[in-house]
Every structure is written in structure tokens, then in C-alpha cells.
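Reading through the C-alpha cells given below for one structure.
Residue numbers start from 1 in every chain, and the chains themselves are labelled A, B, ... in the order their sequence lines are given, proteins ahead of strands.
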2 protein chains.
Amino acid sequence: MQRQGYDGTGIKQISKEAGATLGSVYHFFPGGKQELAVEAIRHGDREFAEFLTRMLAGADDPAEAIEACARTLGQDLRRSDWVDGCPVTATALGTATRAPEIQHAAAEAFARWRGLVDAKLRAAGFAHADARDLAHTVISTLEGAELAAQVSQSETPLRLAGTHLARLIRLYRKATP
Amino acid sequence: MQRQGYDGTGIKQISKEAGATLGSVYHFFPGGKQELAVEAIRHGDREFAEFLTRMLAGADDPAEAIEACARTLGQDLRRSDWVDGCPVTATALGTATRAPEIQHAAAEAFARWRGLVDAKLRAAGFAHADARDLAHTVISTLEGAELAAQVSQSETPLRLAGTHLARLIRLYRKATP
DNA sequence: GTCTATACCCCGATAGAC
DNA sequence: GTCTATCGGGGTATAGAC
């Protein structure tokens, strides 16, 4: 679903690639495709949260850590031949009206990631309001740059997003000490 | 397709809502669903390009114009009940592997929008390299914030994106005069 | 150019043997 | 719990009358 989206991915395809039978899938996911999608998003949520935690722990300076994060995302995306984008976006996009539970799971993922950045910024001494606001834009920008990188098959959007986010963060550190 | 994505939107649904018969659709779009999707993306491309042109012309200061742009995007998104997001993203996402032409049209749209921001920044006296790089991040951030706003059903990501992009742009104006 | 009918296929979901 | 068979419906696309 990360690659093909909710509607583009069939349960039969999933069961085949997983080496399970169709009956097994419906045994463990009685809620059908919707439940499967929610679990897929939660899985992607945890996955990216772990990645983000690792990257944020990689440098004391939050600006430096975020910039490294963006670069790594670009490298990983290229390695996947521009196919493995955000594990939440593709699944959630387009299902908003039909399946609120899916959208809710996606919102939770975004909120968790934001929380991780927020905590890092506060730990580095940023004002709470600044940290909260900056965390929003850091996630938004990473998300958008990942999208742009995927569409244009280039690491450039993510590289520049890293550079600019770092400058923005440093600007706020100086602005409200 | 803007709302439901490529796979979530049926040609029968399109023909019904358009008041046309299925035969007519295939008469004017012999390339079938793929051709329809490419034209839909080109349409969204022009639509947003006109919106962006209008917003950029609304203020001499690029930072101010971009901030107003983000706010307006948020208001429009709320007015649509968080349904009408970027007219390109939903259609293009998930079709990368199967339909390169769709992805190519999406890449062209992003490039055109970037070009508009780039031109505005250069016209305001920014160094060419700075303008080019900033245009990348402006589009990425607006795109990601629109996504985040849609998922969380809140204007906050777009409002903050506007604020932060404005500060970033002003920083560069001062940095390299 | 416009319309209806239909071919052909795969979808999600379920039934029921084992 | 695991598997196969199948249901009902909708998908894209086409054929061919008008």
C-alpha cells in the first residue's frame, strides 16, 4: 500500500506476496481491507518513528540532526528506485471520505512524529511555543520534500529541505533564547 | 481523481458525473484512463499555476505573498471539508511504476510552480542560486503542509508553513544581498 | 459523434470442507 | 486455523447500431 495506495493494492496480491492464503488474511483481519490498511499505517508509523528517533539522537544540535535526516531520506528513496515514499501518505490519501479510521491513523502518525521533533527541540533549549510550531513545519517540509523527490526522481528537494530547515531552526534559536 | 486518487476513481463514475456516456469518454480520450489522468493533472497544473500567479502578484514582498498563499490554501481546504487537496498529488501517487506518463506530468507541474516562485524571488532581487533553492523548498513545504492539513483536518500546518517560509525567505534576503 | 450492450477480468468478501 | 471454491459486483475497454 505504501507503493500502490489503498485502492491500487488488492488483498489477493497481499496474500500472495505474503505467502498466506486469502482465508488466513480474513481470519487475522476480520475487518477486511480497512483493518489491514489501518494496521499498515500503524506499522509505517512505528517504522518512521524509530528512524526519526535514531536520526535525532545522532547529533546534539537539532538543526544538524534534521538536516542529516533529510539527506538520509533522499538516499533511501533513491535506493528504492523512487518507489518507497512515506509509508502513510499513499495509503491514507484518497480514503478520507470513505474510511475515517484510516485517516485517523494517519493523523496519529503525523502527530507522533511531530512530538518527537518537538521533544528534541525542547531538550535543546528552545522555547516551548517555538518548538511546537517548528515541529509542525519540520514534518510538513520533510513530507512535501519526500513527495517532490519521488515525483521528480531527484534527491534535490530533500537535500534543500534539510539545508533550509537547519537554517530556520538556527534562526529561531537565536531569535528567542 | 483529486479526491479519490487514480485507482479509486472509475471511468464510469467520471462519465456519469460529467453527464456524458461511456462511449463519448472513450471517443475523446482514446488512450483510456491513463490519458484521462494525464489531462486531469495538466488541468490541475494550470489551475494551481494561475492561483499561484495571482497570489504572488498580490504583494511586492515575496515573503508576504507566500505567507498569504499558505493561509488562503488553508481556508480553501477547510471550505472543501478537507477534501480538495493538491490536484496533482492524489492522482500521481501510487502510479509511479505502472504509468510513467502520469508521473512525468506531475513532475512538470511541480517544476512549473517552482519556476513561478523562482521568478518572483529573482524579480525581488534575490541571488539566482538562492531563488532557485528557495523555490524548491517553498513548493515542497506548501505541498507537505497541505497534506498535513488535510490529514489532521486543521489549518495549522499551512498557517505555520506560511509563517516559517516567510521568515526563511527574509533570512536569505538579508544573508546574500 | 452518441449511445447501449457486452466481453472479459479482477475486486472484496464469504462459505464450508478439512 | 488453513485452505479452495465461489458469489455478486464493479472495473476497463470495445463493438457496433444509430
Taking CZ from B:F29 and P from C:dG1, how many angstroms apart are they, rounded to a whole number? 13 Å
Sequence neighbours left out, what passes side-chain contact (heavy atoms from CB on, under 4.5 Å) with B:D84? Give chain and number order. B:Q2, B:R3, B:S80
If I take atom OG from residue A:S154 and atom CZ from residue A:R159, how far apart are they, to the nearest 0.5 angstrom? 7.5 Å
Test ring pair (Phe, Tyr, Trp, His ring centres under 6.0 Å) applied to A:H136 - qualifying residues, sequence neighbours left out: none
With B:T89, which residues qualify under side-chain hydrogen bond (donor to acceptor under 3.5 Å, both in side chains), at least two apart? B:E143
Carboxylate-amine/guanidinium proximity below 4.0 Å for A:D76 and A:R79: yes
Do side-chain atoms of B:W113 reach the backbone of B:D45 as a donor and acceptor pair under 3.5 angstrom? yes
Pairing residues for A:D133 by the salt bridge (charged side-chain N to carboxylate O under 4.0 Å, His left out) criterion, not counting sequence neighbours: none
Using heavy atoms and a sub-4.0 Å distance, could you list which residues of residues 87-103 of chain B are near DNA chain C? By number, please. none
Closest approach of B:A105 to B:V38 (non-hydrogen atoms, all atoms of both residues): CB-CG1, 4.3 Å
How would nucleotides 2-18 of chain C be written as a contact map, 5' to 3', with B for base contact, S for sugar-phosphate-only contact and - for no contact, using protein heavy atoms under 4.0 Å? SB-------BBBB----
